[in-house]
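These numbers come from the heavy atoms of this one structure, side chains and all, not from hydrogens, waters or symmetry mates. Sequence positions, counted from 1, serve as the residue numbers for this chain. As the structure is a prediction and not an experimental result, all values here were calculated from the model.
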Amino acid sequence: MSITPSQAFSLLQHHANVDIHPLKLANLCTDEDRVNSMISVHNSTNHENVLLADYSRQRMTLETIHHLLRFQAARRVGEKIRDLAWGRMAPGWKLRNHHNANLSA
């Protein structure tokens, strides 16, 4: 099912206001299953570098992550990151020409 960015944002905002707002971080941090599910460890292929992502100290749930991922997919963030990494500009973006800026305002 395709979802528009505004629909994805509305769902995320509703989740934040209804489901997350009443939660206390102290209570969330005592839920061992939640804490363990929100920590991710990634090793490099040579095992010399490790990336640890720990979201357990954020006032969020796995459902929040689901909403965030749906929102970023609807906004096509992955494509924009890929374009930036390859030096391509997204449609509608314009470079600012700092060399020709009128500085005598």
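- For the atom pair CG (Leu11) and CZ (Arg70), the distance works out to 5.0 Å, reported to the nearest 0.5 Å.
- Here the closest heavy-atom approach between residue Met38 and residue Leu62 is recorded as CG-CD2, 4.1 Å.
- For Tyr55, there are no ring-ring contact (aromatic ring centres under 6.0 Å, His included) partners, not counting sequence neighbours.
- In plain terms, the two heavy atoms of Pro5 and Arg75 that are nearest each other are CB-CD, 3.4 Å.
- Taking Arg57 as the reference, Cys29, Val35 meet the side chain to side chain contact (heavy atoms under 4.5 Å, CB included) condition, with sequence neighbours excluded.
- Identified under the side-chain hydrogen bond (donor to acceptor under 3.5 Å, both in side chains) test for residues 21-41, with sequence neighbours left out: Ser40-His42.
- Cluster note: Trp86 groups with no other residue, as no ILVMFWY side-chain heavy atom lies under 4.5 Å from it.
- Residues meeting the side-chain hydrogen bond (donor to acceptor under 3.5 Å, both in side chains) test with Ser56, sequence neighbours left out: Asp54.
- For residues 62-82, every residue pair satisfying the ring-ring contact (aromatic ring centres under 6.0 Å, His included) rule, not counting sequence neighbours, is listed here: Phe9-Phe71, His15-His67.
- Within the model, atoms CD of Glu48 and CG of Asn43 stand 11.5 Å from one another, a figure rounded to the nearest 0.5 Å.
- Partners of Asn17 according to the side-chain hydrogen bond (donor to acceptor under 3.5 Å, both in side chains) rule, which considers only residues two or more places apart in sequence or in another chain, do not exist here.
- Arg76 is linked by a salt bridge (Lys or Arg N to Asp or Glu O under 4.0 Å) to Glu79, counting only residues two or more places apart in sequence or in another chain.
- Rounding to the nearest 0.5 angstrom, the gap separating the NE2 atom in His14 from the CD1 atom in Ile20 is 12.0 Å.
- Listed by chain and residue number, Val77 satisfy the side chain to side chain contact (heavy atoms under 4.5 Å, CB included) test with Ile81 (two or more places apart in sequence, or in another chain).
- Residues meeting the side-chain hydrogen bond (donor to acceptor under 3.5 Å, both in side chains) test with Gln7, sequence neighbours left out: Thr4.
- Within the hydrophobic cluster formed by Ile, Leu, Val, Met, Phe, Trp and Tyr side chains joined at under 4.5 Å, directly or through other members, Val18 stands alone, with no partner residue.
- With rounding to the nearest 0.5 angstrom, the OG1 atom of Thr61 is 7.5 Å from the CG atom of Leu23.
- Annotation for Met60 and Leu68: closest pair CE-CD1, 4.0 Å, computed over non-hydrogen atoms.
- For the side chain to side chain contact (heavy atoms under 4.5 Å, CB included) test, no residue two or more places apart in sequence or in another chain qualifies with Thr45.
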